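Right, one structure below, let's go through it.
This one's a predicted model, so the numbers in the text were calculated from it and none came from an experiment.
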Number of protein chains: 2
Amino acid sequence: MVEHAKSAGLDRVFSALADPTRRAILRALTRHPATINEIARPFPVSLNAISKHVMVLERAGLLLREIKGREHHCRIEPEPLRQADAWMEHYRRFWEVRLDALAVYVDKKFKTAKKGAAHGSLR
Amino acid sequence: MVEHAKSAGLDRVFSALADPTRRAILRALTRHPATINEIARPFPVSLNAISKHVMVLERAGLLLREIKGREHHCRIEPEPLRQADAWMEHYRRFWEVRLDALAVYVDKKFKTAKKGAAHGSLR
């Protein structure tokens with residue numbers, strides 16, 4: 001049951017991240033909290049569209065909204081991102097293994113080239 | 001243009017990851033490459049449904065398919081995951097800062113408790 005809830009949470013987080021405007025909103029919120037109007041300002045889309053994106057981020061738990069009078073103050077909530085990052089952890093070894101293999105290859109090439117140059121200088 | 005292509009790539013990757021069956025397929029492929037039939041075996045859904053999930057993963061660049069006769073051999077391609085991981089990197093400091101703050105708090109509590117215990121033993 002816990003695993004199922006965690007999985008549904010990951011569905012919502014990855015789905016929320018699958019949009020460039022929502023990723024840009026999150027990025028902006030890492031600088032400072034902001035109202036919906038402030039969030040919308042740099043985007044060439046309607047306030048209504050931004051409001052919908054904010055709602056998707058909120059449902060995924062990535063954004064916290066505090067209502068003060070008529071203003072909605074939003075800030076980033078990193079915990080769901082930490083969970084997505086933990087999911088990614090398992091796959092990290094795959095590209096790390098690849099980079100290790102590349103390093104060995106480059107090192108070998110470099111040594112061969114050096115050897116060649118040393119032989120050249122003897123001639 | 002490069003940024004735009006990278007962003008569209010991230011859209012496809014995060015969207016592909018927003019499904020528990022697709023995440024489970026990727027996880028299975030980290031153990032060894034497999035045919036579509038082998039991939040489908042543990043899932044209680046139709047071969048057709050699995051085939052569609054495989055196609056979504058393939059379009060996101062997360063899965064490579066090699067056709068040998070009538071069999072489709074699939075393996076994981078970690079590069080797009082590395083890109084998603086790089087995107088996540090920027091946010092990592094947020095929960096790291098939180099964990100640091102928690103560590104300071106626990107340390108302070110621990111010291112206060114120790115002090116209290118020391119005073120207690122003097123009585």
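Taking CD of A:Glu89 as the reference point, atom CG of B:Asp85 lies at 8.5 Å (rounded to 0.5 Å). Here the CG atom belonging to A:Leu26 is positioned 5.5 Å from the CH2 atom belonging to B:Trp87, to the nearest 0.5 angstrom.
Considering only residues two or more places apart in sequence or on other chains, B:Arg12 meets the side chain to side chain donor-acceptor pair (under 3.5 Å) condition with none of them.
B:Tyr91 is listed as a side-chain neighbour of A:Arg27, based on a closest heavy-atom distance under 4.5 Å.
Checked by atom type and distance alone, the side chain of B:Arg23 pairs as donor or acceptor with a backbone atom of A:Ser7 at under 3.5 Å.
Along residues 28-49 of chain B, the residues that come nearer than 4.5 angstrom to chain A, judged on non-hydrogen atoms, are B:Thr30 in order of number. Against chain B, the residues from residues 13-22 of chain A that qualify, each with a non-hydrogen atom under 4.5 angstrom away, are A:Phe14, A:Ser15, A:Leu17, A:Ala18, A:Asp19, A:Pro20 in number order.
Among residue pairs with one or both ends in residues 54-68 of chain A, those qualifying as side-chain hydrogen bond (donor to acceptor under 3.5 Å, both in side chains) are A:Glu58-A:Arg65, A:Arg65-A:His72; sequence neighbours excluded.
Taken together through direct or relayed side-chain contacts under 4.5 Å among Ile, Leu, Val, Met, Phe, Trp and Tyr, A:Val56 and A:Ile76 form parts of separate hydrophobic clusters.
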